[in-house]
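Here is the structure we will look at.
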Amino acid sequence: MAALAPPVAAIRRAVRRALTTLPDAGPVLVACSGGADSLALAAATAFVAPRLGRPAGLVTVDHGLQEGSARRATAVVDWAHTAGLAPVEAIRVDVSERPGGPEAAAREARYQALTEAAGRLGAAALLTGHTRDDQAETVLLALARGAGPRGLAGMPTRRWLGEALLLRPLLEVSREQTRAACTALGLAPWTDPHNTDPAYARARVRSEVLPALVRALGPGVLDNLARTARLVAADTAALDEQATVALDGVRHPDGGLCVGGLAGLAPAVRGRVLHVWARELGARPGALSHRHVDALEALVTGWRGQGAAYLPGGLRVFRRAGRLTVVDPCPPA
Ligand SMILES: Nc1ncnc2c1ncn2[C@@H]1O[C@H](COP(=O)(O)OP(=O)(O)OP(=O)(O)O)[C@@H](O)[C@H]1O
């Protein structure tokens with residue numbers, strides 16, 4: 001038997017590790033674009049999952065945004081059948097009516113379709129092919145955009161996507177390894193033109209910024225950025241836990257928050273408490289920005305006797321009698 005190419009073995013090990021952590025016995029579904037990362041992931045899953053007694057299927061989403069997208073989806077489906085994956089589905093989504101740019105709309109439609117498929121097919125988890133390189137790009141973009149620790153923590157290896165558990169088994173595998181694995185297995189991955197289109201910030205980071213950093217600082221940069229994400233994620237999780245406890249400690253029976261208690265918290269914990277409280281009040285996480293939290297913070301630490309903080313959804317927060325209190329939502333304009 002031919003020796004297993006190291007990247008193929010490394011990717012299978014990563015998938016095995018991820019699958020053995022799953023409590024639920026149902027099938028897993030690989031989200032596959034046909035690109036090198038998710039193709040290498042799908043091939044490894046097709047090999048590993050049955051050996052763990054677990055069925056593995058595949059879903060590919062056709063956004064209909066590029067010429068030949070339906071052909072690409074069909075090619076992925078055909079390959080998945082030959083690899084022994086089942087069930088296999090290509091899902092066509094319509095992104096034309098969605099708000100935002102085409103990339104954001106495609107992403108939202110894709111995750112919605114993937115979550116629905118995972119629910120419909122009773123999947124224990126949905127697997128995506130995000131790699132260490134994707135993680136390094138995410139961290140760098142977050143740093144440049146001032147996203148704060150939550151952004152610097154990068155993508156988690158697992159998270160809930162609605163009712164579906166999303167796993168990213170390849171977060172410590174390099175893109176070079178996924179490409180090498182595809183070559184070793186004789187697979188011909190699809191190349192997404194967006195990945196090299198300089199109109200997209202991520203593509204510029206991928207093709208210009210990271211190679212320049214590696215040239216200037218050495219090959220360890222990508223691993224180090226991914227490591228930064230893991231370290232920040234651990235710190236962030238600890239601070240989030242502290243904030244959950246602290247929030248209960250500063251709640252007033254009328255639903256407001258005690259200013260004295262808030263003022264005594266460490267700023268990093270207070271900011272989180274205010275963020276969680278604002279979400280509880282009904283401010284959608286996507287609409288809630290650091291400016292809203294800063295405005296709440298100003299009611300605690302920068303109070304000059306008057307003023308209010310305005311939150312998404314028409315919510316107004318006042319400081320009264322030593323408490324932050326929500327005043328009825330503004331009537332719609
Ligand atoms: N059209 C799609 N259908 C199904 N899953 C997708 C699709 N596009 C992306 N994904 C999933 O999301 C992951 C991240 O996709 P993204 O396009 O951001 O990264 P990528 O590095 O180009 O990945 P790939 O090489 O697998 O295309 C993919 O690895 C795959 O698991």
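The structure displayed is predicted, hence computed values, not measured ones. Index from 1, following the sequence. In listed order, ligands and their atoms are each counted from 1.
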Ligand 1 to Tyr111 polar contact by distance, N or O atoms, under 3.5 Å: no
Taking atom 9 (C) of ligand 1 as the reference point, the nearest protein heavy atom with its distance: Arg110 NE, 3.5 Å
Nitrogen or oxygen of Trp190 less than 3.5 angstrom from that of ligand 1: no
Enumerated ligand 1 atoms positioned under 4.0 Å from heavy atoms of Ala36: 25 (O)
Short side-chain to backbone donor-acceptor contact, Gln135 and Leu225, under 3.5 Å: no
For atom 27 (O) of ligand 1, the protein heavy atom that lies nearest, with its residue and separation: Ser33 OG, 2.5 Å
Contact (N/O only, under 3.5 Å) between Thr128 and ligand 1: no
Any Arg206 heavy atom less than 4.0 Å from ligand 1: yes
Side chain to side chain contact (heavy atoms under 4.5 Å, CB included) partner of Pro55, chosen from Pro50, Pro27, Pro87: Pro27
Protein heavy atom at shortest distance from atom 19 (O) of ligand 1: Asp134 OD1, 4.2 Å
Leu114, any N or O under 3.5 Å of ligand 1 N or O: no
Min N/O separation Leu127 to ligand 1 under 3.5 Å: no
N/O separation below 3.5 Å, Ser38 to ligand 1: yes
Main-chain N/O of Leu167 paired with Arg158 side-chain donor or acceptor, under 3.5 Å: no
Arg279 (side chain) donor-acceptor with His275 (main chain) under 3.5 angstrom: no
Sidechain-backbone polar pair: His81 side chain, Asp78 backbone, donor-acceptor under 3.5 Å: no
Contact atoms of ligand 1, heavy-atom distance to His63 under 4.0 Å: 1 (N)
N/O donor-acceptor pair under 3.5 Å between Arg272 side chain and Leu247 backbone: no
Any protein heavy atom < 4.0 Å from atom 22 (O) of ligand 1: yes
Under 3.5 Å donor-acceptor, Ser207 side chain and Thr196 backbone: no
Identity and distance of the protein heavy atom lying nearest atom 18 (O) of ligand 1: His130 NE2, 4.3 Å
Inter-residue atom distance Met155.CE - Glu137.CD, 0.5 Å rounding: 8.0 Å
Non-hydrogen side-chain atoms of Arg51 and Arg12 separated by less than 4.5 Å: no
Under 4.0 Å to a heavy atom of Thr60 - the qualifying atoms of ligand 1, by number: 3 (N), 4 (C)
Under-4.0 Å heavy-atom contact with ligand 1, by part of Cys32 that carries it: backbone
Among Asp134, Thr128, Asp133, side chain to side chain donor-acceptor pair (under 3.5 Å) partner for His130: Thr128
Arg202 heavy atom under 4.0 Å from ligand 1: no
Cation-aromatic face contact Arg316/Phe318, 6.0 Å, 45 degrees: no
Side chains of residues 253-266: which donor-acceptor pairs under 3.5 Å do they make with residues two or more places apart or in other chains?
from, atom 1, to, atom 2, distance (Å)
Asp254, OD1, His252, ND1, 3.1
Asp254, OD1, Gly256, N, 2.7
Asp254, OD2, Arg323, NE, 2.8
Asp254, OD2, Arg323, NH2, 3.2

Val59 touching ligand 1 at heavy-atom level, < 4.0 angstrom: yes
Nearest non-hydrogen protein atom, atom 25 (O) of ligand 1: Asp37 N, 3.2 Å
Donor-acceptor pair, side chain of Thr60 and main chain of Cys32, under 3.5 angstrom: yes
Euclidean distance, Arg175 CZ relative to Leu222 CG, rounded to 0.5 Å: 8.5 Å
Shortest protein heavy-atom distance from atom 1 (N) of ligand 1, along with the residue and atom involved: Val61 O, 2.8 Å
Contact check: Leu39 vs ligand 1, nitrogen or oxygen atoms, below 3.5 angstrom: no
Any N or O of Asn195 closer than 3.5 Å to N or O of ligand 1: yes
Closest approach of any protein heavy atom to atom 28 (C) of ligand 1, naming residue and atom: Gly129 N, 3.9 Å
Heavy-atom nearest neighbour in the protein, as seen from atom 31 (O) of ligand 1, with distance rounded to 0.1 Å: Ala31 O, 2.6 Å
